[in-house]
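Order of the sequence lines sets the chain letters (A, B, ...), proteins ahead of strands, with each chain counted from 1. These numbers come from the heavy atoms of this one structure, side chains and all, not from hydrogens, waters or symmetry mates.
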Amino acid sequence: MHKTRGSRVISILIVDRNPHVREFLQRELQHQGYAVLAAGSAGDMLAYLAGSAAPGIVVLDPDLPDQGGLPLIKRLRREFPDVCLVVHAHGGEGGLDRSGAPVVEKDGRTGPLLEAVRLAARDCAGLVRENGTEPRSGREGRT
Amino acid sequence: MRNYWRAYARFFDLRTGIILLLGALVALTLAWAAATLWHVQRDGLLVERLAFQSTPGLSAAQEMRRVLAALRTEAFEQGPTTVHRLAELKGKFEYALASVRPVAGQGERREVLARIDAEWGRFTYAIDHLADPDPGGAERARREAHMLFARLDELCRAIAAELTREVEDAGAAWRERAGLVSVLAWTAISATVILSLLLIHLLFRHVLAPIRAIALQSGATDKALPLEDEITALGHRLADLAESVDTTSSELQESREHLMQTEKLALVGKLAAGVAHSIRNPLTSVKMRLFSLERSLVLTPQQHEDLEVISEEIRHLDTIIRNFLEFSRRPKLKFSAVSPSDVVDMTLELLRHRLESSGVGVGVERSRRLPEINGDPDQLKEALVNLILNACEAMTGGGRIAIAEETGYIEPVGDVAIVSLRDSGPGIPPNLRDKVFQPFFTTKGEGTGLGLPIAKRIFEEHGGWLHLKSGDGKGAGFVMVLPLKEKEGWRRS
């Protein structure tokens, strides 16, 4: 059921401050066959990305309790250039369209987000690292 | 030294300087007048003495000498009229002697006069005996008369000489005093001239020139005109200034109130933004779950209606939150050249479905496309959307919106584009006219009270304004004014 590239499952990291949103998106994306991790803060996200099971795609709402906005996105792209980023944010957040990453408006509909993730998986899967394949259920849903 | 002069300058301030100079001038004039008075008085005394004492005394003394000489001649050259003539001359001498006595009979001269008196008695006696029949007696009398004549003449000469000296002394004294007075006069004249010049300098340099400068400065508009009278001009200027201070202070009061209002609004906006930001996140979560439910549930029509209402209300909440955030965040304008006519067309296109579903028809009155302005098309569109939606919501059951475009010239902005909008709704009651642009004021059950304030702010950020049209007839009217881009460019007010 897991979506793969070759024989590898594509792993996605959902970053959102709201645990219910995280859980919901995790569920939706897992239905689509991705391996999904979740983080509730920029710190957790960076820890995941620096860890051994680094995901290939990050779905990020940059409104986070510790750091956020355009500076966080820039840092992400600078420190982890291999990671595919999908920005999932509320409308009217200034400057996010300048991040260079696809921006999906966070209006409650999951369709556009799933489409953006599908495109990212197609375009970026070649960049997925060898060790970023297996979902680690123990860390899922961490808040 | 500098400090000394500073202290000096502080001590002699302008007021003291003027008072001192005026005082000195007055004192000088008084002193000069007193000196002149004294001089004139002394002159009077001198002239009196000369006229009534010395001069008549002197001429009387000289008359005495002349009469003596005539007596002597007459006495020694006996002729037929001798007796008669001698009596006449004796009378003359005695008259002259009598007239000398009151005017010159003081001090030593009194004794001299007494001696003359005595000698004269003897002399007349001797003369009377010149024609003595006894030749011895006649000869004696002759010698006696000779001797007495010489003595009398000497005494009269002494009196005349003394009186002459007295006149000469008086002249010398007068000359001396006149010299002193003329020195004093020249000194006083020079001192007066110097003090007057100083006073004039002080008045011009420190009083009139500054007044003139102030008058000129304060009335920069008629600088070219000569100032007929600085003080009058300054008076006018001060009156103007007082008036403008009045105006300024009321303007200041107004702008202070405006500022307070703005600060209050900014605070409210910040609060609203905070609340909206916090609510938005859980609301999104709700929406996600709701859409998920919608997808997966098989619902009865009643349940479906419930869900529809929930969705509708959530959309409404979303709109409110978006308006709140927009109102408080003030997005930065992205300026470009755009014709307001295009903004109107784009907005109507955007709202076509909404207008159709509300049963609202829109008529645009346009003679030609409006010239370009410097503006943010998206923001202007949003402002217009707010106005049109506001009109639509006011006209329940449909109606008409009339939009008119024109250009005009308004001081001090210059050339402007004017877009007016009028609906056929119930209009705005007079008591609410002041409130429609206040944030969070709404008469609608589902309004946020932010649509019109946002629209107003957008026009103001473009250097223009949005006004409520005076309520004539039915419906609500709005006038939007935007400065045109051309020529001198537009100025932000």
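A distance of 4.0 Å separates OG1 of A/Thr110 from CZ of B/Arg295, quoted to the nearest 0.5 Å. Note that CE of B/Met288 is 12.5 Å distant from CD of A/Glu23, once rounded to the nearest 0.5 Å. The CG atom of A/Asp107 sits 8.0 Å away from the CG atom of B/Asp318 when rounded to the nearest 0.5 Å.
B/Arg289 places a side-chain N or O within 3.5 Å of a backbone atom of A/His20 that can act as its donor or acceptor partner.
Considering all non-hydrogen atoms of both residues, B/Lys287 and A/Gly108 come closest at CB-CA, 3.9 Å. Across A/Asn18 and B/Ser285, no two heavy atoms sit closer than the pair ND2-CB, 3.8 Å. Nearest heavy-atom pair across B/Thr284 and A/Lys106 is CG2-CG, 3.6 Å.
Taking a 6.0 Å sphere around CD of B/Gln302, one finds it holds 12 or fewer heavy atoms contributed by other residues, nucleotides or ligands. Residue B/Glu305 qualifies as open at atom CD: its count of foreign heavy atoms under 6.0 Å is 12 or below.
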Practice item. Decide yes or no on side chain to side chain contact (heavy atoms under 4.5 Å, CB included) for A/Asp63 and B/His277, but give the supporting numbers first. Key: CA-CA 10 Å; A/Asp63 175 23; B/His277 192 260; 3.3 Å; yes
